[in-house]
Asks: 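Can you keep this structure in mind? I'll have questions shortly.
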Amino acid sequence: MLQRCATVIVENLDSVFVQIWTRNESQNRLELAASGGLDARQDNSATKPKAVATELLSDAHAATVSAVPTLQGSPAGARVAELWQANTQTADECRISFAGEPLLVNGRLVGALALFSRQPLSEFARKALGTVSDSIALGIERYRMESVIQEIEERFQAVIEFAADAMVITDATGHIALVNAAAERLFGYERSEMLNEPIEFLIPARLRESHVASRNQYLKMPYSRAMQDTSNLLVLCKDGSECPVEISLSPIKTDRLTLYAASIRDITERKQAEEERTRLLATVEHQHAELQMILDSVPALIFYKDRQSRLVRVNAAHAQCFGLPREQIEGKTDAELGAPHASEYLRDDLQVITTGEPLRGIVEQFQTPAGPRWLQTEKMPHRDSHGNIVGLVGLAVDITERKNLEEQLRQAQKLESIGRLAGGVAHDFNNLLTVINGYSELLLEKMEVTDLQRPLLKEIRDAGERAAGLTHQLLAFSRKQVLEPRVLNLNQQVANLEKMLRRLIGENIRLRTKLEPQLWPVLADVGQLEQVIMNLVINARDAMSDGGDLLIQTANVDVRVRDVSHPAEVSPGNYIVLSVVDTGCGMDEATRARIFEPFFTTKEEGRGTGLGLAVVYGIVKQSSGHIAVQTERGQGTTFSIYLPWTQQSEPVAVPHQVVQRFPPGTETILLVEDEPIVRQLASRALHTCGYTVLEAANGREGLRVSATHPGAIHLLVTDLIMPVLCGRKLAEQLVQERPTVKVLYVSGYTADAISQHDIAAPGTAFLQKPFTPTTLTQKVREVLDLLIPHLNESV
Ligand SMILES: Nc1ncnc2c1ncn2[C@@H]1O[C@H](COP(=O)(O)OP(=O)(O)OP(=O)(O)O)[C@@H](O)[C@H]1O
Ligand SMILES: [Mg+2]
């Protein structure tokens, strides 16, 4: 273009020679871009002036740059012409005149135009030259701009091409216009396979629709930004795999159109790392939660303190004990929490932290929202992986139940020893009372009804019987009675007694019963259980002298491990609980602690013996049961009797026999009793009824007597506890020798020598001392008349 300009100027402005120079901005010099006229036609001669012109105009440029507005006709311009004339070798030949025009755009020098003529330039030529110069300057500028743009484009292409991220550039219709090498690598397509395809071609099918929608959305307001929800973006690769990516978008505006560049980063590894981190975090959290759960499920208090004795972490039991939410405890010291023994705790903590030695067995009473509890605490130093003590770990076990149990055991042991004493006394008394009552009865039998001594004798007999009643109660307390346990339903017992109880308690006390309809059976002695109910009801009545409510309740109870709603000594299992609840005066702790002691009574002289609950205690314990008492002064009392559930089925009831006072007999009885007076009495009573009585003072003698007796022996009546050979052993041996013999054991109390099993054996019975001639002879007749199939067959 410039060349054409040069040629046109030469042809039209009557010039010999024209040169157009452009400015090289980076090197800041003028370069000859085109020339016309003399030089153009005569290559040889043109070479030299061109070189000179270059040099000169470079100098001129230096001048024009600093004095652009005044170049034309300026001293600089004149100097140029002058220099030209002085140096050119063709000056004569050409008779040159010169015009130099700076080429300016907006005052900025973009080049220079030099015109040489053989004659001076006309005014017209000068003006025309000015106009042409302006046009040439604009042309040069435009050309320069285009080159710049082209260069930028080339560089931009290079930048895109070598970008680390995949670049996909689309047009407004979403068709791919440009991709880079990284995109080829990411998607696995050749460049040619991607160009002109819609961008959705690179999106998994299920996401295409939403992609189109979000693309359209973006087109409405395009600006450079990261794509929303970048964490879940996926692209589809040639091999069908999907790849998580992060995309940032930017619109690229040109004169003619707008393109959209997506910079796509493969975040597979980052995702994996993130997932791994999330997984690890979840695992850690899970483990943390699991650990806390384990700690929380431990019934003991667990805590961790730092070196400043601050509670860093505690478990649920600890928080519960303090009655505060965990968050309010953690981070605080015991003092800040207002713990009453905070200074002692601190002293212990410091000891553990400074010595590194654990501290064990700190027993203390602690006030909790649920009342006072006993805690036994251990504190152990906590060390980091380098062995430095960083705090302490504490473990406090609630030993309240153990303490209570110990207390109960102490009570039970006390009652046990009293029981042994009472049992021993009762045993000896029984023998004496058997004699006193027995002979009184025999004498009364023989005495005339009109005899004046008779009332006196009756007094003796009655006092004896009362004494027998007392020893009987003592035996019950000392658990030395012989029980006759049967499978029975407690509801039945309560129902049988109800009428009598109503009479007993009077009218100002309301009696209610609440009986479990599906009550489990128990194995117990009917008579003894009635005694228990009676004693409890009488006590309740006495406690409600001004009237009140009395409730007798039965329930099935499944006692679980550590079930605190039941007494600590009740071991886990199924129980039938009989409760007697009154609204009476209740008891203070001092009274409650002693109620089971025999002869402990708060009742006035003559009103209570203090044996009622002792008997209840003995019977319940002997029946493998437990008693719980809940009471408070003025708040009424609840006695709960726990009896173990039995799996045995209910036996068929034995019809009650009506027996005569002294039933006659013909059989032979072997009577073995070490106490001579008791033996004599028994012998006499049996004799009176017609029995043949063989006597012996102990077991061994009994066997001897049997051996020397040629006839049959129908019944062995033997004391249980005897020196030399006890009643049970004697019976065993005798039954071997004489298989048809029946056995009646007599005793003041059951020692270990006899078990419930022994008296439950067929043909075996038991008679409690003290007995009277009547009870003895009736029992003997009863046993002899028992139908024992296998025994009777062999008779
Ligand atoms: N339901 C109750 N309410 C309040 N106090 C009671 C209750 N039951 C027992 N007690 C207290 O326990 C004491 C002992 O009772 P226990 O039955 O052993 O003897 P007692 O009733 O005094 O005399 P006994 O029963 O021999 O006639 C009673 O004197 C009374 O102080
Ligand atoms: Mg009583």
Side-chain angles (χ1 to χ4, degrees), residues 365 367-368 370-374 399-419 421-422 473-474 476-479 505 509 531-553 555 557 559 563-571 575 577-605 607-623 625-643:
Q365 204 175 28
Q367 275 301 333
T368 75
R373 308 291 295 175
W374 285 96
I399 54 163
T400 314
E401 275 165 40
R402 199 181 83 198
K403 279 253 175 199
N404 287 347
L405 264 180
E406 282 170 5
E407 180 53 33
Q408 278 166 12
L409 187 68
R410 249 196 309 282
Q411 279 280 336
Q413 279 169 346
K414 188 174 79 179
L415 293 176
E416 180 77 34
S417 55
I418 301 175
L421 177 73
Q473 284 180 309
L474 280 180
F477 166 65
S478 57
R479 292 178 254 162
I505 57 176
I509 293 173
Q531 179 85 66
V532 166
I533 299 171
M534 290 263 295
N535 288 4
L536 293 178
V537 168
I538 291 171
N539 280 350
R541 177 201 66 187
D542 294 348
M544 297 187 286
S545 47
D546 298 331
D549 284 316
L550 175 60
L551 170 69
I552 301 179
Q553 192 175 355
V557 170
V559 176
D563 189 343
V564 290
S565 55
H566 303 290
E569 85 266 18
V570 179
S571 47
Y575 291 87
V577 178
L578 170 81
S579 310
V580 177
V581 188
D582 69 52
T583 55
C585 60
M587 286 173 262
D588 57 23
E589 184 50 36
T591 305
R592 206 211 64 81
R594 300 191 58 196
I595 49 174
F596 296 121
E597 289 177 21
F599 304 112
F600 172 79
T601 177
T602 58
K603 292 170 191 171
E604 59 195 61
E605 189 76 36
R607 284 216 50 208
T609 58
L611 280 172
L613 286 178
V615 167
V616 169
Y617 181 85
I619 293 171
V620 172
K621 285 286 162 189
Q622 204 177 348
S623 310
H626 306 278
I627 310 182
V629 190
Q630 271 178 302
T631 185
E632 218 173 293
R633 241 263 152 281
Q635 300 295 312
T637 303
T638 299
F639 278 91
S640 303
I641 311 284
Y642 288 69
L643 292 171

Asks: Mind listing the closest non-hydrogen atom pair of P598 and L474 along with its distance?
Replies: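 Closest pair (atom of P598, atom of L474, distance): CB-CD2, 4.4 Å.
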
Asks: Quick check: closest heavy atoms across S623 and L643, and the distance to 0.1 Å?
Replies: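 The pair with the smallest heavy-atom distance is CB-CD2, 4.1 Å.
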
Asks: Would you give the length of the straight line joining atom CZ of F639 to atom CG of L613, rounded to the nearest 0.5 angstrom?
Replies: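 The distance works out to 4.5 Å.
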
Asks: My understanding is that only residues two or more places apart in sequence, or in another chain, count here; which of them pass salt bridge (Lys or Arg N to Asp or Glu O under 4.0 Å) with K403?
Replies: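 Checked K403 against salt bridge (Lys or Arg N to Asp or Glu O under 4.0 Å); zero matches.
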
Asks: With rounding to the nearest 0.5 Å, note down the distance linking CZ in R410 to CG in L415.
Replies: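 So the gap between those two atoms works out to 13.0 Å.
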
Asks: For R541 and L550, what are the C-alpha separation, side-chain angles and deciding distance, and is it a side-chain contact (heavy atoms from CB on, under 4.5 Å)?
Replies: CA-CA 8 Å; R541 177 201 66 187; L550 175 60; over 6 Å; no

Asks: Nearest 0.5 Å, what's the CG-CD1 distance between D582 and I552?
Replies: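 Reported to 0.5 Å precision, the distance equals 11.0 Å.
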
Asks: Strictly distance-based, threshold 3.5 Å: is any side-chain N or O of S579 a donor or acceptor partner for the main-chain N or O of S640?
Replies: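 No.
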
Asks: Using the side chain to side chain contact (heavy atoms under 4.5 Å, CB included) definition, which of the options L578, V620, V577 pairs with Y642?
Replies: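 With Y642 as partner, L578, V620, V577 yield a single side chain to side chain contact (heavy atoms under 4.5 Å, CB included), made by V577.
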
Asks: Could you grab the distance from atom CG of L611 to atom CZ of F599, nearest 0.5 Å is fine?
Replies: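 Here the interatomic distance stands at 4.5 Å.
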
Asks: Distance from N539 atom CG to M544 atom CE, nearest 0.5 Å?
Replies: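 Rounded to the nearest 0.5 Å, the CG-CE separation comes to 10.5 Å.
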
Asks: Can you name the closest pair of heavy atoms from G612 and N535 and give their distance?
Replies: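 Looking at all heavy atoms of both residues, the shortest contact is O-ND2, 3.0 Å.
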
Asks: Tell me which donor-acceptor pairs under 3.5 Å the side chains of residues 626-633 have, and how far apart each pair is, sequence neighbours excluded?
Replies:
{"from": "T631", "atom 1": "OG1", "to": "M587", "atom 2": "N", "distance (Å)": "2.9"}
{"from": "T631", "atom 1": "OG1", "to": "G636", "atom 2": "O", "distance (Å)": "3.3"}
{"from": "T631", "atom 1": "OG1", "to": "T637", "atom 2": "OG1", "distance (Å)": "3.0"}
{"from": "R633", "atom 1": "NH1", "to": "C585", "atom 2": "O", "distance (Å)": "3.4"}
{"from": "R633", "atom 1": "NH1", "to": "G586", "atom 2": "O", "distance (Å)": "3.2"}

Asks: Applying salt bridge (Lys or Arg N to Asp or Glu O under 4.0 Å), name anything that partners R373, two or more places apart in sequence or on another chain.
Replies: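 Checked R373 against salt bridge (Lys or Arg N to Asp or Glu O under 4.0 Å); matches are D398.
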
Asks: Taking only residues two or more places apart in sequence or in another chain, which ones pass side chain to side chain contact (heavy atoms under 4.5 Å, CB included) with D549?
Replies: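 By the side chain to side chain contact (heavy atoms under 4.5 Å, CB included) rule, D549 matches R510, T583.
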
Asks: Can you give each donor-acceptor pair under 3.5 Å made by side-chain atoms of residues 590-597, sequence neighbours left out, with the distance rounded to 0.1 Å?
Replies:
{"from": "T591", "atom 1": "OG1", "to": "D588", "atom 2": "OD1", "distance (Å)": "2.7"}
{"from": "R594", "atom 1": "NE", "to": "E597", "atom 2": "OE1", "distance (Å)": "3.2"}
{"from": "R594", "atom 1": "NE", "to": "E597", "atom 2": "OE2", "distance (Å)": "3.4"}
{"from": "R594", "atom 1": "NH2", "to": "E597", "atom 2": "OE1", "distance (Å)": "3.1"}
{"from": "E597", "atom 1": "OE2", "to": "K414", "atom 2": "NZ", "distance (Å)": "2.7"}

Asks: What pairs with R607 under side chain to side chain contact (heavy atoms under 4.5 Å, CB included), at least two apart in sequence or on another chain?
Replies: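 In terms of side chain to side chain contact (heavy atoms under 4.5 Å, CB included), with neighbours along the sequence ignored, R607 is linked to D542, K603, E604.
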
Asks: Using distance alone, with no hydrogens and no angle criterion, decide if Q408 and N404 have a side-chain donor and acceptor under 3.5 Å apart.
Replies: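 Short answer, no.
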
